[in-house]
Amino acid sequence: SQTIHQWPATLVQPVGSPLSLECTVEGTSNPNLYWYRQAAGRGLQLLFYSVGIGQISSEVPQNLSASRPQDRQFILSSKKLLLSDSGFYLCAWRLATDTQYFGPGTRLTVL
Amino acid sequence: AQSVAQPEDQVNVAEGNPLTVKCTYSVSGNPYLFWYVQYPNRGLQFLLKYITGDNLVKGSYGFEAEFNKSQTSFHLKKPSALVSDSALYFCAAQLGDYKLSFGAGTTVTVRA
């Protein structure tokens, strides 16, 4: 069966510091991968998605970037965090036209 | 624009009573529709989906949803709610080949 991991689970970072969040999927090949941000426990904002290694689509221009160095690894990064980057970051995977499945999330607080 | 609407921010029901969470969609073509549930500080859990076929879809934890094409709705239902069903519920519709459009979410509170 497939599993998705995200780490770290929680992160507190100062403004202006770099960020790297990692997402990995096990038990599947060539998944579509997604990064979402959820602010204030409500709506989901799609940040990036990837349909293959090195292929990244950005949905919202912002302070973040994403990379997919391996088939089942998706990384969310920032060179300099802003206060507004605080939120709950969710990674998801999907095969073909099937369901998206979500990871446990990373709670990021920027101080 | 293609979108999903959840008209109620909050739904409050007593344990044992029926639970309904509403969702309407505006999506071209034949929509793929999904329901997810989120508990505090957790990722979204998949409950059920409608792709094609029977308009009544059964999912996890006793939930079901009814697809109504004429009303462009996909309401989530549970005949007898439990306190443990208290959570945030999201409706979503597939856009194109890759992306989902999510509703804003409905907070369900089931009182004992």
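Throughout, protein chains are lettered first and strands after them, A, B, ... in sequence-line order, and every chain is numbered starting at 1. Keep in mind that the numbers below use all heavy atoms, side chains included, and drop hydrogens, waters and symmetry copies.
Comment: Lys77(B) does not engage Glu64(B) in a salt bridge, judged by the lack of any side-chain N to carboxylate O separation of less than 4.0 angstrom.
Side-chain contact between Glu66(B) and Gln71(B) is absent, with no heavy-atom pair separated by less than 4.5 Å. In this structure the side chain of Leu21(A) reaches within 4.5 angstrom of the side chain of Leu11(A), judged on heavy atoms. No side-chain heavy atom of Gln13(A) sits less than 4.5 Å from a side-chain heavy atom of Thr109(A).
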Checklist entry - Would Phe102(A) and Tyr36(A) count as a side chain to side chain contact (heavy atoms under 4.5 Å, CB included) if you check the C-alpha gap in whole Å, the side-chain angles of each, and the deciding distance to 0.1 Å? => result CA-CA 10 Å; Phe102(A) 286 78; Tyr36(A) 291 86; 3.7 Å; yes

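In terms of heavy-atom pairs under 4.5 angstrom with chain B, the leader among Leu46(A), Asn32(A), Leu44(A), Leu90(A) is Leu44(A).
Within residues 13-23 of chain B, no residue has a heavy atom under 4.5 Å from a heavy atom of chain A. Among residues 101-112 of chain B, the residues having any heavy atom closer than 4.5 Å to a heavy atom of chain A are, in sequence order, Phe102(B), Ala104(B), Gly105(B), Thr106(B), Thr107(B).
No path of Ile, Leu, Val, Met, Phe, Trp and Tyr side chains, each step under 4.5 Å between heavy atoms, connects Val4(B) with Leu44(B), placing them in separate hydrophobic clusters.
A distance-only check finds no donor-acceptor pair linking the side chain of Ser73(B) to the backbone of His75(B) [under 3.5 Å].
Relative to the six-membered ring of Phe63(B), Lys78(B) meets both conditions, a distance below 6.0 Å and an angle of at most 45° to the axis.
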Distance-only donor-acceptor hits, side chain of residues 73-83 of chain A, under 3.5 Å, sequence neighbours excluded:
| from | atom 1 | to | atom 2 | distance (Å) |
| --- | --- | --- | --- | --- |
| Gln73(A) | OE1 | Gln70(A) | NE2 | 3.4 |
| Gln73(A) | NE2 | Glu22(A) | OE2 | 2.6 |
| Ser78(A) | OG | Asn63(A) | O | 3.2 |
| Ser78(A) | OG | Asn63(A) | ND2 | 3.1 |
| Ser78(A) | OG | Lys80(A) | N | 3.3 |
| Ser78(A) | OG | Lys80(A) | O | 3.4 |

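With sequence neighbours left out, the side chain to side chain donor-acceptor pair (under 3.5 Å) criterion links Tyr89(A) to Arg37(A).
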